[in-house]
Amino acid sequence: MIDLRSDTITQPTSGMKQAMMEARVGDDVFGEDPTINALEQKAADYFGMESAIFCPSGTMTNQIAIRVHTAPHTEVICDAKSHIYLYEGGGIAYNSFASVRLLHGDRGRITAEMVEDNINNPEDVHAPISTLVSLENTMNKGGGCVYDFKEIEKISSLCKERDLKLHLDGARLFNALVATDDDPKKYGKHFDTISICLSKGLGCPVGSLLLGDKATIKKARRVRKVLGGGMRQAGFLAAAGIYALDHHIERLKDDNDRAKTIANALEGLSFVESVLPVETNIVIFKLANSGLSVDFVEKLKQKGILAVPFGKHDVRFVTHLDFDDDMLNDLIEKLKAI
Ligand SMILES: *Cc1c(COP(=O)(O)O)cnc(C)c1O
């Protein structure tokens, strides 16, 4: 099977397993797991931020960030296609009692102007108090598209001016970084918190990190405990994270390139109406003649290809660590034969 459902499906490599087996561990709820402490510091340093907290999932790191930055009667501003809104089970309301203001950006990317137009007057008792702006980079629902950093700078200065916090859902931030060659420390400078996933392109079995300043991450530890995310000898998992930061960032370029090759091949095929421009490791295409994505995905499965329906007529492929050039060639042959 060629499995392109998600970049979460990868198996740990032998080098990663070796690192996990050899990890020194301790009780992380007591702050005594040396491998988790090292991973948190390494990730924070990579982005030039003060501190970090290791969590079981990206949903948890996002939800903790929202909880720490908001309060009841406040509002989160984000794009309507955001993972925090669409795919986290209504957690903004459930965990934080906060309201949400949905914007409609370009494939999920919002602008400073759009944010500015949607900040509520804090003196008006009718309106929730705008407190947090959340961006997603790369943007999953937008086909893995990447923010222009100039726009991020504009949003960040607006947030400072208007006393709003700025969070980044960076589940696939490393795919964006290798695509643009942007300095990760620029991200650290402009966001109050950043969530990164180790279990996507980086190929770890489990884990995400929330990055921020010391005071914010201290609050995050309290929220993580309440959510049941305080793990004990989880250094075995953190060791995979350290290994991935050392060995799996540069190779994301291959995932991004293979996704482009798939998109180019799809462009010429009769069952494809259009393909979203590919910037990183996600390919989303629309079926011709109003073809139904559920039916098409089933047809692919019969040919040994796994994908996910991504809307009524759209299909998503995601490239990853366990998808190589031989599989790529095989995939393209099979697609051409449909
Ligand atoms: C995968 C993902 C997350 C986190 O998902 P988990 O499965 O909870 O780790 C967050 N944001 C985006 C954009 C994602 O793609």
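Order of appearance sets the numbers: ligands from 1, and atoms from 1 within every ligand.
When only interatomic distances are considered, the shortest N/O to N/O separation between E136 and ligand 1 does not fall below 3.5 Å. Residue-to-ligand polar distances place D169 within reach of ligand 1: an N/O pair is separated by less than 3.5 Å. An N or O contact shorter than 3.5 Å links G58 to ligand 1 by distance. Of the N or O atoms in R172, one or more lie within a sub-3.5 Å distance of an N or O in ligand 1. In terms of polar-atom proximity, S199 is not counted as a contact of ligand 1, lacking any N or O under 3.5 Å from an N or O of the ligand.
Electrostatic pairing of D325 and R258 counts as a salt bridge here, judged by a charged N lying under 4.0 Å from a carboxylate O. Salt-bridge annotation for K299 and D295: absent, with no side-chain N of the basic residue lying under 4.0 Å from a carboxylate O of the acidic one.
The S57 neighbourhood of ligand 1 comprises atoms 8 (O), 9 (O), with distances under 4.0 Å to a heavy atom of that residue.
A cation-pi contact, defined as under 6.0 Å to the ring centre and within 45° of the axis, links K141 to F310.
There is no protein heavy atom closer than 4.0 angstrom to atom 7 (O) of ligand 1.
Shortest contact from atom 14 (C) of ligand 1 to any protein heavy atom: K200 NZ, 2.8 Å.
Looking at D326, I262, T261 one by one, the single match for side chain to side chain contact (heavy atoms under 4.5 Å, CB included) with L331 turns out to be I262.
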